[in-house]
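First the structure, in the form of C-alpha cells, and then the observations on it.
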Amino acid sequence: MIGVLSRDSEARTVQEFFQLFKTPWEFYTPRKKYDLLIATQDELPEDIHANAMVIYQSHAIETDGQMGIVVASPQKGGWLEWQDIEIPVYGDFSILQLSGRPLIRRRRTSDIVGGMVGGSERPTVRIGFDLFSEVAFLLSQGQPAENAQIPTLDLHISLLQAIMDSLEVTYIEVPPVPQGYDFMGCLTHDVDFVGVRDHKFDHTMWGFLYRSTMGSLAKTLTGRLSWSKCLRNWLAALSLPLVHLGTNKDFWLEFDRYSEIERECGSTYFFLPFKDVAGTLGETSAPKRRAAKYDLAETKEEITKLLQDGCEIGLHGIDAWRDIESARAERSRLFEVTGRADLGARMHWLYWKEGSPKTLQDAGFTYDSSFGYNNAIGFRAGTTQVFCPLVADYLLELPMNIQDSALFYSDRMKLTEDEALSACKDIIRTMRGLGGTLTVNWHTRSLSPERLWGDFYIELLKEIRTYRVWFGTGQEIVEWFRKRRELTFDSVCFEENGAQVTLGSSARHSEASFVVRIHNSGTVTDMPIYTDCR
Ligand SMILES: [Zn+2]
C-alpha cells in the first residue's frame with residue numbers, strides 16, 4: 001500500500017490523482033508500515049516506516065542536506081524527459097545534484113531533475129517538481145493548446161509507475177478500460193443548427209451562401225476540395241430558395257444519416273435550450289450569432305426518435321456555465337422536452353470558468369463535456385480519463401478530444417483531410433496505450449453542404465473501429481467511471497505467482513467488468529474481475 005504524506009492544501013488533488021491511478025493508497029498514518037511513501041511536505045517525520053520513498057519537491061528541504069542532495073533555485077515551466085518520453089511541467093522545477101542513478105533530465109540536457117538517492121536509509125527517489133501542483137493545474141486550467149496532444153497527467157502516472165518498478169514496489173491497479181477493450185468511444189453531436197430553413201437573411205444564411213459558392217470555388221482551385229463536392233455545394237446554394245418555399249428537403253436535417261453512419265454506437269446529442277438567446281460573456285452579451293435559431297420544443301419529434309434509437313440527449317448550455325439560476329432554467333427546459341432527469345451538458349462555444357463544474361453540479365447535472373479546445377485536438381486535462389473537477393464532488397467531466405471545427409476551420413487548425421486524419425490517428429494511438437475515453441464532437445450540420453465533412457467522419461470512425469472500442473453514450477461512460485471510482489481495495493495479498501484481491505463496490509448489480517493489473521518485479525499481469533453487489 002502507498003502512504004501519501006502531502007500538504008493539507010493538496011488533499012483534494014491527491015484523492016483525485018488516485019482515482020485516475022486506481023491503486024491501494026491512503027494518507028500517511030504515523031508508525032504504519034507502507035510499501036511506498038510519497039512525500040511532498042517540507043518536513044518529513046524522523047521515524048518513517050516505509051520500504052521505499054519518493055519525494056516530489058521543487059525547492060530544497062531539510063532532508064536534502066541529510067541525503068547529500070544539492071537543489072538549484074527553481075525555475076518555472078519547461079520540458080523534462082525520462083527514457084524516451086518527453087513531458088511538460090507547468091509549475092516550478094529545479095535541477096538536482098545527487099549521487100544515485102539519474103531518472104529524469106531536463107529535455108536534451110544532462111541536467112538532472114529526478115533520480116535515485118545514493119546511500120540512503122531506504123531506496124529513495126528525489127524528484128525536483130511538485131506532482132500535485134501539476135495535477136491540480138491540469139485538472140482545473142488545462143494545458144495550453146500547443147501541448148494538446150500530450151497526455152501529460154497520464155504520463156505523470158506512468159512516470160510514478162516506472163519509479164515504483166525501479167524501487168521494486170509490487171502493486172495492483174484497476175486500469176481505466178473495461179476488460180477486453182483498448183479504450184472507450186463516445187460519439188457526440190452539438191446541435192447548433194437544426195435546419196437551414198431557420199435562417200432567412202441572417203448572418204448564418206449569408207455565410208452559407210458565400211462559403212458554398214465563392215469559398216468552395218477557392219478551395220477547389222487550391223486543391224482543398226474536390227470538384228464534385230464543389231458542385232454539390234453550388235447545387236445546395238441554388239436550391240436554397242426552394243428549401244425556404246418548402247418544395248425541397250432541408251439539406252441541413254441529417255439526424256437519420258448520423259444513425260446510419262454510427263450504427264447503434266449510442267450517440268449523444270447536445271441541444272440548445274432557448275431560441276434567440278445569445279447568452280453572456282464576462283459583463284457583456286455574447287455575439288448575436290451565438291443564439292440558436294431553432295426552438296427546442298419544435299424538435300420534439302427528432303428528439304423522441306433519437307431517444308428511441310438509444311441515443312442520449314443533453315444540454316448545449318448557453319449561460320449554464322455562468323450561474324446557478326441559468327443552469328437550473330436550462331436544465332428544466334431540457335427536462336420538459338426529454339422527460340429525463342439525469343442530464344449531461346456541454347457548453348456552446350465551450351464557454352467556461354473554473355467554478356462551472358460546481359455550478360452545473362448544484363443545478364443537478366451529472367456530467368459535463370466542455371473541457372476541450374476550440375482550436376486544437378487532444379487532451380486539455382492531460383488525461384484520457386473521466387475525472388471529477390477539483391471544485392466539484394459529484395459531477396464528472398468527460399473531456400472532449402476531437403472536434404470537427406477545430407480541425408477544419410480556416411481560423412483554427414485549417415488542416416486538409418489527410419493532415420486531419422493523421423492528427424486524429426496520433427490521438428487514437430495514444431488512447432490505445434492508455435485506455436480511457438475518446439470523445440468526438442461532430443456538429444450535426446457538418447455532414448451537409450457546405451461543410452461536407454461526412455466522408456471524413458466515416459474514415460475517422462473506420463480508423464477508431466480498427467481498435468477494440470466500447471462505445472457508449474456520455475451517461476453510460478460516465479457511469480462506468482463512477483463504478484470504478486466507487487471500487488475499494490478491501491484486501492490485497494501478494495503470493496508467489498499472483499495476488500489475492502478483494503474489491504468492494506457499492507454499485508448494485510454491476511455488470512461493468514474491470515481488470516485488476518498486477519505489477520510484480522517488472523512483470524505485468526491482467527486478471528479480469530466482475531463486481532458483485534455487496
Ligand atoms: Zn455549439
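We're numbering straight along the sequence, starting at 1. In listed order, ligands and their atoms are each counted from 1.
Atom ND1 is the N/O/S atom of H348 found closest to the Zn ion (ligand 1). For H316, the N, O or S atom closest to the Zn ion (ligand 1) goes by the atom name NE2. Taking the Zn ion (ligand 1) as reference, the nearest N/O/S atom within D192 carries the name OD1.
Both tests do not hold together for R482 against Y367: distance to the six-membered ring centre under 6.0 Å, angle to the ring axis within 45°.
At a threshold of 4.5 Å between non-hydrogen side-chain atoms, the residues L131 and F17 count as touching. Using a 4.5 Å cut-off on side-chain heavy atoms (C-beta onward), E134 and H156 make contact.
The pair E173-K22 does not count as a salt bridge, with every side-chain nitrogen at least 4.0 angstrom from each carboxylate oxygen.
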